[in-house]
Amino acid sequence: MKKIAQILSVCFLVAFAACSSSSSGGSASGLNGATEVRGTVYAPNGTDPISGAVVYIDDTASSISKVTKNKGVVTRTITATCDEGEVTCEDPSGTVCGSTCTCADGTYVLGTTDCDTSATTITFCKGAQCGTADLDCDDPDNCVANISGASSGANAISIAVVTGAYDQIENVLAKLGYGDVDEAGSLVVGTETFDIYTCGGLTDYEISLLDNADDYQTCNTLFDSADVMDDYDIIFINCGADQSLDAAVSGSLIKAHSHAVSRDFTETQVDNIQAYVNNGGRLYVTDRSYDFIEQSFPNFMKFKDDPDDAATPGNYNEAWDGDDGIVSNATINDPGLISWITSSAITTNTIDFDDAPGNSCDTTVNGNSGSDNLLSEDTIRIGDFLAGWAAMDTVHDGEDTFVWIEGNVSVGSVESERPLTASKVEGDGCIIYSSYHTAETCPTTGFWPQERVLQYLVFEAAGSCVPAD
């Protein structure tokens, strides 16, 4: 199922500063008397910081094989003090001599007084995403170890991406370092360190896969098999995935169908999706693919025209009623996301705020940073709503559900405040749904503000799923 080159490739992208060095099979000099180590934890691209990750040193772990990733949703029990206040992160596995959490800008300070001075490896994890770096403290008074997440191999998130007609979250993943990007900011097909399953009509993106059709299978291959699904830590389902897609025809990806109509999921597919999440998998869905969640977990969210009964899913596609050409000055409800997106290391494309992505694409790539990424201290501009986007009404009553983003939007020509991004802990796993997606009609270079939200949630999905209390 997975491309052999991806399985065998162990690519650890490590950013260096001061005393840091690349992993070198045990040749690192170790702590060398240092009483603390400081540095920054990055996504696999070596640029974007990861907040709320645990950083630790294990006296017995001198190689990558000692790192234990979390399959399910993590519990936060470690604390650290940052400029934004106290932060929490997961308890690391193993014989740990020191641990701490990363702050909103990805920085950490780890005390090492209880560690063996010969310890040679420092590790970070945020759920299923981990990374390591060598400890080369030549100057024990200034020991710096910057760590980037693994983009492939045992320490990386195992990811499946299901294609759709109207979204390409694979481009966001590529920009995070899980693949190469071209001059337009799009994934260079074939460089991805995740698996792609085709699930839609012959979009421009899927045309680019035709030359490599033998490397990609249809989404029924994924959803028809609980064992195949269980191979992945996170499954992303793009907006416009067509759950009625049959097996590829003659090795090509061409299939005539209508995105206005889709057949029911099979009972087996619903059972497999439910089992995948309950057993610790993470399901991340955008916009018109909401039925993958609604038909499997109707207790999560009341979508437009759903029955009030949380145990009964609504009819297929009934929530496809959002108006196009709109923008929303939406509210971010999580202080952690606000602190991260306004940290100086995060940049976003500028937007002509008289219009929105989809109406006007005039932009300066990465023209904003820090607090300029938001309209105000808790307000973000969400745009590029396509005609008939899937609208949520309210969260069903219950624990372990969180609305990350909510805003005033127009649905059926009626304006109202609605959830726009929400998550739920379900069993041992996590569901994340967003009514919007990447700024699909605008240039994909750089990050749009709403893409930064989706980026942040990639790592939240890999970790605790909902914010700490």
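Any value given below was found using the heavy atoms of this structure, including those in side chains, with hydrogens, waters and symmetry copies removed.
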Salt-bridge criterion met for Glu460 and Lys126 (N-O under 4.0 Å):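 A salt bridge is present here (some side-chain N lies under 4.0 Å from a carboxylate O).
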
Any Lys/Arg nitrogen of Asp393 or Lys304 sitting under 4.0 Å from an Asp/Glu carboxylate oxygen of the other?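 No salt bridge links Asp393 with Lys304.
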
Within 45° cone of Trp320 ring axis and under 6.0 Å: Arg288 NZ or CZ: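 Here Arg288 passes the 6.0 Å and 45° test against Trp320.
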
Determine whether [X] and [Y] make a side-chain contact, defined as any pair of heavy atoms from C-beta on separated by less than 4.5 Å.
{"X": "Thr347", "Y": "Asn368", "answer": "no"}
{"X": "Arg38", "Y": "Glu36", "answer": "yes"}
{"X": "Cys125", "Y": "Glu90", "answer": "yes"}
{"X": "Ile326", "Y": "Val409", "answer": "yes"}
{"X": "Leu135", "Y": "Val37", "answer": "yes"}
{"X": "Ser464", "Y": "Thr75", "answer": "no"}
{"X": "Trp404", "Y": "Leu420", "answer": "no"}

Mind checking ring pair (Phe, Tyr, Trp, His ring centres under 6.0 Å) for [X] and listing every partner two or more places apart, or none if nothing turns up?
{"X": "Tyr108", "answer": "none"}
{"X": "Phe459", "answer": "none"}
{"X": "Phe447", "answer": "none"}
{"X": "Tyr178", "answer": "none"}

Do the ring planes of Trp389 and Phe385 sit parallel (below 30°), tilted (30 to 60°) or perpendicular (above 60°)?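 It falls in the tilted class, 30° to 60°.
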
Going by the rule side-chain hydrogen bond (donor to acceptor under 3.5 Å, both in side chains), which residues pair with Thr100 if we only count those two or more places apart in sequence or in a different chain?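 For Thr100 there are no side-chain hydrogen bond (donor to acceptor under 3.5 Å, both in side chains) partners, ignoring immediate neighbours.
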
Identify, with sequence neighbours excluded, every residue that meets side-chain hydrogen bond (donor to acceptor under 3.5 Å, both in side chains) alongside Ser339.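 Counting only residues at least two positions away or on another chain, Ser339 forms no side-chain hydrogen bond (donor to acceptor under 3.5 Å, both in side chains).
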
Residue among Ile293, Val277, Leu283 satisfying side-chain contact (heavy atoms from CB on, under 4.5 Å) with Glu426: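 Looking at Ile293, Val277, Leu283, the match for Glu426 under the side-chain contact (heavy atoms from CB on, under 4.5 Å) is Val277.
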
Checking side-chain contact (heavy atoms from CB on, under 4.5 Å) against Val162, which of Asn238, Ile235, Val285 comes through?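 Answer to the side-chain contact (heavy atoms from CB on, under 4.5 Å) test with Val162 among Asn238, Ile235, Val285: Ile235.
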
Value rounded to 0.5 Å, distance of CD1 in Ile380 from CG in Leu374: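 Result: 5.5 Å between the selected atoms.
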
Does [X] use its side chain to pair, donor to acceptor, with the backbone of [Y] at less than 3.5 Å?
{"X": "Asp167", "Y": "Thr438", "answer": "yes"}
{"X": "Thr191", "Y": "Asp180", "answer": "yes"}
{"X": "Asp233", "Y": "Arg282", "answer": "no"}
{"X": "Asp334", "Y": "Leu337", "answer": "yes"}
{"X": "Thr40", "Y": "Gly106", "answer": "no"}

Kindly write out the residues that satisfy side-chain contact (heavy atoms from CB on, under 4.5 Å) with [X], not counting sequence neighbours, or none if the list is empty.
{"X": "Val425", "answer": "Val73, Asp400, Cys465, Val466"}
{"X": "Thr79", "answer": "Glu86, Thr88"}
{"X": "Val181", "answer": "Ala174, Lys175"}
{"X": "Val395", "answer": "Met301, Thr401, Val403"}

Ring pair (Phe, Tyr, Trp, His ring centres under 6.0 Å) assessment of Phe303 paired with Tyr433: CA-CA 11 Å; Phe303 288 88; Tyr433 175 75; 5.2 Å; yes

Write down the atom of Gln129, the atom of Phe124, and the distance for their closest heavy-atom approach.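 In this case the closest contact between Gln129 and Phe124 is O-CE1, 3.8 Å.
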
Just grab all the ring pair (Phe, Tyr, Trp, His ring centres under 6.0 Å) pairs involving residues 326-346, residues at least two apart or on different chains.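 Checked against ring pair (Phe, Tyr, Trp, His ring centres under 6.0 Å) - neighbours excluded - the pairs reaching residues 326-346 are Trp340-Tyr456.
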
For residues 105-120, which residue pairs qualify under salt bridge (charged side-chain N to carboxylate O under 4.0 Å, His left out), counting only residues two or more places apart or in two chains?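 Output for this query is empty, none listed.
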
Carefully, step by step, assess Asn333 and Glu406 under the rule side-chain hydrogen bond (donor to acceptor under 3.5 Å, both in side chains). CA-CA 8 Å; Asn333 292 323; Glu406 59 188 344; 3.3 Å; yes

Pair Ile273-Phe297, side chain to side chain contact (heavy atoms under 4.5 Å, CB included): steps then yes or no: CA-CA 9 Å; Ile273 291 170; Phe297 302 100; 3.9 Å; yes

Is it true that the SG atoms of Cys101 and Cys82 are less than 2.5 Å apart?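 In this structure, Cys101 and Cys82 share no disulfide.
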
